[in-house]
Amino acid sequence: MSSIRKVVPEIYSGKKIREFLKEDVGLSTRIIRSASLDKRIKVDDQPVKMNFKLGEGQVVFIDLDKEETQNIEPQDIPIDKVYEDEDILVVNKRPFMTVHPTRSHPDGTLANAVMHYYKNSGQNCIVRLVSRLDMNTSGLLILGKNQFAHMQLSKEMKTDKFIKRYLAIVHGHLEEESGTINLPIYRPLEDRIKRVVDERGQESITHYKVVERLKDADLVECVLETGRTHQIRVHLSHLGHPIFGDTLYGEEFDDSSVIERQALHAYGLDFESPRTRKSLSLRVSLPQDMEELKERLK
């Protein structure tokens, strides 16, 4: 069961429980309303209304579990679990796997695999993606197991406490060994996937550092300050250094003989646990296809 239990500090004595849940616990109005209606909020083991006035030392209990359904078929597909607690699941997504069912990929997705994992491990959770990756990008993804965790992490993603780190193998050598790309990204046509650097676009900031110089190529670490669609791929291509295997932003290169997808991997995540506020720093190594490409380019 996913729940929160807190002792009321002196500062909230005499205040309504609604204030305490919003300010101290960090719950949204929506979660508070839903939990209150279902009598999932209790003080000293008794359900209370949201205008209930608290006393110092009382114990507030919030049951975060709510019977929810989702139209995603559980499928027995292995997942590479990197970290898990009562609020979040972090997985290392393999390349060529769609994150969520779509019309063109109705099954065989990460969401199908995660639903099977939840069901098999007896967890009453639905798939709540905090972060996403393109089908051909590998690496770390976070899923919230309840509304509270999903809401907290979605908010944190907009702050500098949440850091997403990527590794990419690019054509050629970047002029500077490190730097910041601050160029707006724009979607020129509504029915197209491709993005471009254009002054009409949204502010997009990528910090980069060359990790290793290869033969006519670089292994580059990219840290996202903003999270636009295809941001790293667009920025590096605009600099004249498209990612190996990126058929959308590196059309001038045919890399099909060396790698079958864009050589981009979400290798690191730094963030705070939504409940304990403990700092988490998660890392995964390069997948086999990128490791082989790197060795080939040395």
Side-chain angles (χ1 to χ4, degrees), residues 77-84 88-100 105 109-111 113-114 127-144 149-150 153-154 156-170 178 180-181 185 193 195 204-212 218-237 241-250 259-273 279-294:
I77 303 166
I79 61 168
D80 182 1
K81 186 175 73 172
V82 176
Y83 175 85
E84 184 176 19
I88 59 175
L89 172 68
V90 182
V91 299
N92 181 16
K93 184 184 88 69
R94 57 179 170 79
F96 311 114
M97 184 183 229
T98 305
V99 170
H100 209 271
H105 296 91
T109 72
L110 181 72
V114 168
V127 175
R128 290 185 171 93
L129 290 159
V130 175
S131 54
R132 291 173 183 262
L133 293 173
D134 296 334
M135 181 175 82
N136 291 340
T137 299
S138 54
L140 293 170
L141 273 173
I142 309 179
L143 298 102
H150 187 264
L153 286 170
S154 297
E156 192 180 324
M157 274 183 79
K158 297 168 185 170
T159 72
D160 56 8
K161 290 180 183 175
F162 194 106
I163 302 171
K164 292 186 277 187
R165 302 176 185 273
Y166 292 76
L167 285 170
I169 301 174
V170 304
S178 63
T180 297
I181 308 166
I185 291 175
I193 300 168
R195 268 64 170 170
S204 308
I205 302 170
T206 306
H207 306 285
Y208 72 88
K209 180 176 72 178
V210 176
V211 176
E212 191 176 346
D218 280 339
L219 175 65
V220 185
E221 181 195 48
C222 295
V223 175
L224 293 180
E225 190 169 316
T226 56
R228 311 300 175 207
T229 300
H230 299 173
Q231 181 173 314
I232 294 171
R233 297 165 65 190
V234 175
H235 273 168
L236 291 173
S237 175
H241 301 284
I243 296 171
F244 269 82
D246 192 341
T247 54
L248 190 60
Y249 297 103
I259 194 163
E260 295 177 5
R261 51 113 183 180
Q262 67 256 14
L264 182 62
H265 180 62
Y267 88 97
L269 282 172
D270 299 279
F271 62 99
E272 287 185 354
S273 165
S279 293
L280 295 169
S281 187
L282 307 176
R283 301 288 185 268
V284 287
S285 55
L286 279 178
Q288 187 179 348
D289 60 350
M290 284 183 66
E291 197 61 64
E292 287 172 358
L293 174 63
K294 191 181 85 160

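One is the number of the first residue; the rest follow in order along the sequence. These numbers were taken from a predicted model, which means no experiment stands behind them.
Scanning both residues, Val127 and Ala111, for their nearest heavy atoms gives CG2-O, 3.7 Å. Residue Cys222 comes nearest to Thr206 through the heavy atom pair CB-CG2, 4.0 Å, listed as atom of the first residue, atom of the second, then distance. Between Leu129 and His150, the closest heavy-atom pair is O-NE2, 3.1 Å. Of all the heavy atoms in Ser204 and Thr226, the pair that sits closest is CA-OG1, 3.2 Å. In terms of heavy atoms, Ala168 sits closest to Leu264 at CB-CD1, 3.8 Å.
Applying side-chain hydrogen bond (donor to acceptor under 3.5 Å, both in side chains) to Ser138 and the options Arg261, Arg94, Lys93, Gln262 leaves one that passes, Arg261.
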- Message: Apply side-chain contact (heavy atoms from CB on, under 4.5 Å) to residues His235 and Ile185 and explain how you reach the verdict.
- Response: CA-CA 8 Å; His235 273 168; Ile185 291 175; 3.9 Å; yes

- Output, in order, the C-alpha distance, side-chain angles, deciding distance and verdict of side-chain contact (heavy atoms from CB on, under 4.5 Å) for Arg195 and Arg233. CA-CA 9 Å; Arg195 268 64 170 170; Arg233 297 165 65 190; over 6 Å; no

- Item | Steps toward side-chain contact (heavy atoms from CB on, under 4.5 Å) verdict (Leu133, Tyr166) | CA-CA 11 Å; Leu133 293 173; Tyr166 292 76; 3.7 Å; yes

- side-chain contact (heavy atoms from CB on, under 4.5 Å) between Arg228 and Val234: does it pass, once the steps are laid out? CA-CA 10 Å; Arg228 311 300 175 207; Val234 175; over 6 Å; no

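Residues Phe162 and Leu269 have side chains in contact (heavy-atom distance under 4.5 Å, counting atoms from C-beta outward). Between Ile232 and Leu224 there is a side-chain heavy-atom pair separated by less than 4.5 Å. Asp289 is not listed as a side-chain neighbour of Glu260, based on a closest heavy-atom distance of 4.5 Å or more. The shortest side-chain heavy-atom distance between Ile88 and Phe271 falls under the 4.5 Å cut-off. Contact of the His265 side chain with the Asn92 side chain is registered, since non-hydrogen atoms from C-beta on lie closer than 4.5 Å. Contact annotation: the side chain of Leu167 approaches that of Glu221 to within less than 4.5 Å [non-hydrogen atoms, C-beta and beyond]. In this structure the side chain of Val91 never reaches within 4.5 angstrom of the side chain of Asp80, judged on heavy atoms. His207 is listed as a side-chain neighbour of Ile205, based on a closest heavy-atom distance under 4.5 Å.
Atoms CG and CD1, from Leu219 and Ile169 in turn, are 5.5 Å apart once rounded to the nearest 0.5 Å. To the nearest 0.5 Å, the span separating CG on Asn136 from CD1 on Ile243 amounts to 11.5 Å. Rounding to the nearest 0.5 Å places CG of Leu236 at 10.0 Å from CG of Asp218. Distance CG/Leu293 to CZ/Phe244: 6.0 Å, rounded to 0.5 Å. Between atom CD1 of residue Ile77 and atom OG1 of residue Thr109 there is a gap of 6.5 Å, rounded to the nearest 0.5 Å. In this structure, Leu143 CG and Glu84 CD are separated by 10.0 Å, a value rounded to the nearest 0.5 Å.
Other residues, nucleotides and ligands place no more than 12 heavy atoms under 6.0 Å from the CD atom of Gln288.
Using a 4.0 Å cut-off between charged side-chain N and carboxylate O, Asp270 and Arg283 make a salt bridge.
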